[in-house]
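Along the sequence shown, the residues carry numbers beginning at 1. From a predicted model like this one, the values you see are computed outputs, not experimental measurements.
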Amino acid sequence: MDHRVVVIGAGITGTALARALSIKGVDHLVLEKRETASDGGLAINLPGNAIAALDRLGLADQVAQLGTPIRRREYRTSAGRLLFRVDEDAFWGKAMRPHAMLRKDLLTILGGGSTDSSVLRGCGVTALEQREQAIVATLEDGRQLRAELVIGADGVYSTTRAAMLSGDHQKASLIGKASWRFMIPNPGVECWTVFASADAVFLLMPLSQSEAYAWAMPKQSGNGREPPALEVAFAKFPAVVREAIRSALADPSRMHHSPLFDIRLSRWATGRVVLAGDAAHAMAPVWAQGAALGLEDALVLAEELSNISDWNTAIQRYEARRQPRAAHVQAATDRMSRAASLPEWFRTLAMPFIGPRSYASTYDPLKVWP
């Protein structure tokens, strides 16, 4: 057997898996089709449950050093009127205080314990074959690797999922078809702030007094990767939003196109091929749970694999622990997506009441480790 475990994908979930498996002493190899990490210049929001997972990976101090605390959220109308705010410090507490940080920094600290030989880059997987004694992975260069278990942590466009399950499981998100993400000079935002109309959503998240992360989702997103007429879509939004868009459009090459998909599967495993992270349960970033759930998946799967000699049982236990949690967040995403599509006058009246309740009902269960 070449390796006990082969992980496909070296994004946040795959890199976290490698770290968690190393901690548990499980032999593994990570395969990544890209030569270098993607989205290196973008940022990520890490809610309290992501911070708890990173703490279990031994990274809490590094997150505190490299990240920016997110102490407050504000939800505003497209005219800038405050609908409600959330004191995240009070909700999560100091130990689980949310942070924002650059994705490249998160990947760097997650991979800090890996050796060069444990990650093979430029190695895409073209086929998986389950045999009686092993799973055989065929690489793009024709090489074959044998493993006891293969974990697909290869994201929304997962080749592992395609090999494991028939059919196209990528469905457009209820909230919209696509969005654009970019880094900009901070236009004056002090906390996590979202501005929304029935036709567009704009998020600003500070990383420092000089730098911010932005996420723009006009409902009329166009069909390609080129940014649509964002200045038109957000023309009636506050000056801070318009300034952010002008800064981004000064260099459109730095804007990242993000299709929005929902992945909802009745099972995450076939034999000894199992999915984790976005490959299993991608969703729109309404609650910033993509990385958080992936980090949790990595820890739970590594724990089950190290505790139980029968890996088929370990996989079943992993699914039983993780699927209800992902389904909870997906249901909460659906509810918020439907609320966002309500007429603006009604949403303005209702959100000060339903917004804080939605926040609490979504995140309260996530305070408890799965």
Side-chain angles (χ1 to χ4, degrees), residues 1-31 49-59 110-111 113-114 118-119 128 130 132-135 137 145-155 158 160-161 163-165 263-282 289-330 365-370:
M1 196 69 63
D2 294 319
H3 297 277
R4 293 195 71 195
V5 176
V6 166
V7 178
I8 301 176
I12 290 172
T13 300
T15 308
L17 263 165
R19 186 179 186 89
L21 291 168
S22 293
I23 291 171
K24 296 295 185 179
V26 178
D27 172 64
H28 64 278
L29 177 70
V30 180
L31 303 176
N49 61 312
I51 300 301
L54 289 163
D55 185 27
R56 286 172 177 262
L57 287 167
L59 300 173
L110 282 171
S114 300
S118 67
V119 181
L128 293 172
Q130 298 207 45
E132 185 175 349
Q133 299 298 325
I135 300 169
L145 296 175
R146 297 192 309 156
E148 294 180 24
L149 177 74
V150 169
I151 305 172
D154 44 350
S158 172
T160 313
R161 186 179 64 244
M164 190 179 94
L165 302 170
I263 306 296
R264 307 196 185 194
L265 307 173
S266 59
R267 56 192 173 98
W268 295 356
T270 297
R272 289 194 176 183
V273 178
V274 60
L275 302 174
D278 281 349
H281 47 66
Q289 283 297 303
L293 292 178
L295 291 167
E296 291 180 354
D297 286 353
L299 281 158
V300 171
L301 185 50
E303 177 185 335
E304 295 295 351
L305 292 175
S306 64
N307 286 344
I308 301 173
S309 58
D310 178 3
W311 280 9
N312 291 321
T313 300
I315 292 169
Q316 292 172 6
R317 286 177 57 85
Y318 160 71
E319 286 186 306
R321 289 176 65 182
R322 299 301 301 147
Q323 285 183 324
R325 198 162 172 103
H328 163 74
V329 178
Q330 287 175 326
L366 303 184
K367 289 181 175 180
V368 180
W369 185 250

> State which residues pass side-chain contact (heavy atoms from CB on, under 4.5 Å) with Ala269; sequence neighbours excluded, sorted by chain then number.
Val274, Ile315, Glu319
> Please name the pair of heavy atoms, one in Val119 and one in Leu29, separated by the smallest distance, quoted to 0.1 Å.
N-CD1, 4.4 Å
> Less than 4.5 Å apart, side chain to side chain, heavy atoms only: is that true for Val30 and Thr15?
no
> Has the side chain of Gln130 got a donor or acceptor atom that lies under 3.5 Å from a matching backbone atom of Arg272?
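Confirmed, Gln130 side chain pairs with Arg272 backbone.
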> Looking only at heavy atoms, what is the nearest atom pair of Leu299 and Ala53, with distance?
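Scanning both residues completely, I find the closest heavy atoms to be CD1-O, 3.4 Å.
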> Test your reading of the model: is there a side-chain donor-acceptor pair from Arg146 to the backbone of Ala134, 3.5 Å cut-off?
no
> Looking at every heavy atom in both Asn312 and Gly271, which two are closest together, and how far apart are they?
OD1-O, 4.2 Å
> Quick one: are Thr270 and Leu165 in side-chain contact, heavy atoms under 4.5 Å?
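Yes, side chains in contact.
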> Does Glu303 have any salt bridge (charged side-chain N to carboxylate O under 4.0 Å, His left out) partners at least two apart in sequence or in another chain, and if so, which?
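Partners of Glu303 by the salt bridge (charged side-chain N to carboxylate O under 4.0 Å, His left out) criterion, ordered by chain and then number, come out as Arg321.
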> Can you tell if the side chain of Asn49 reaches within under 4.5 Å of the side chain of Val368, non-hydrogen atoms only?
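No. Closest side-chain heavy atoms not under 4.5 Å.
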> May I ask you to test the His281-Val329 pair for a side-chain heavy-atom distance under 4.5 Å?
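No, too far: nothing below the 4.5 Å cut-off.
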> Between Arg325 (side chain only) and Leu366 (backbone N and O only), is there a donor and an acceptor less than 3.5 Å apart?
yes
> If you take all heavy atoms of Ile12 and Ala291, which pair is closest and at what distance?
CD1-CB, 4.1 Å
> Give a yes or no answer on whether the side chain of Asp278 reaches the backbone of Asp154 with a donor-acceptor pair at less than 3.5 Å.
no
> Mind checking the CZ-CD1 spacing from Arg161 to Ile8? Nearest 0.5 Å is all I need.
12.5 Å
> Minimum heavy-atom separation for Thr13 to Ala153, with atom names?
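Here Thr13 and Ala153 meet closest at CG2-CB, 4.0 Å.
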> If you draw the axis of the six-membered ring of Trp369, does the NZ or CZ of Arg56 fall within 45° of it and under 6.0 Å from the ring centre?
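Geometry flag: set, cation within 6.0 Å and 45°.
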> Is it true that a side-chain atom of Trp311 and a backbone atom of Leu305 form a donor plus acceptor pair closer than 3.5 Å?
yes
> At what distance, to the nearest 0.5 angstrom, does CD of Gln323 lie from CZ of Arg264?
13.0 Å
> For Arg4, is there any backbone N or O sitting under 3.5 Å from a side-chain donor or acceptor partner on Asp27?
yes
> Looking at CD1 of Ile151 and CG of Leu275, how far apart are the two atoms once the value is rounded to the nearest 0.5 Å?
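That separation rounds to 10.0 Å.
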> Within a strict 4.5 Å, meaning less than it, do heavy atoms of the Val5 and Glu148 side chains meet?
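The answer is no; the side chains never approach within 4.5 Å.
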> The criterion is salt bridge (charged side-chain N to carboxylate O under 4.0 Å, His left out); which residues satisfy it with Lys24, sequence neighbours excluded?
none
> Taking all heavy atoms of Ser22 and all of His28, pick out the closest pair and write down the distance.
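That would be OG-CE1, 3.0 Å.
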> My understanding is that only residues two or more places apart in sequence, or in another chain, count here; which of them pass side chain to side chain donor-acceptor pair (under 3.5 Å) with Ser306?
none
> Please name all residues satisfying side chain to side chain donor-acceptor pair (under 3.5 Å) with Arg322, sequence neighbours left out, ordered by chain then number.
Glu296, Asp297
> Taking only residues two or more places apart in sequence, or in another chain, which ones meet Ala16 in a side-chain contact (heavy atoms from CB on, under 4.5 Å)?
Leu57, Leu110, Leu295, Ala298
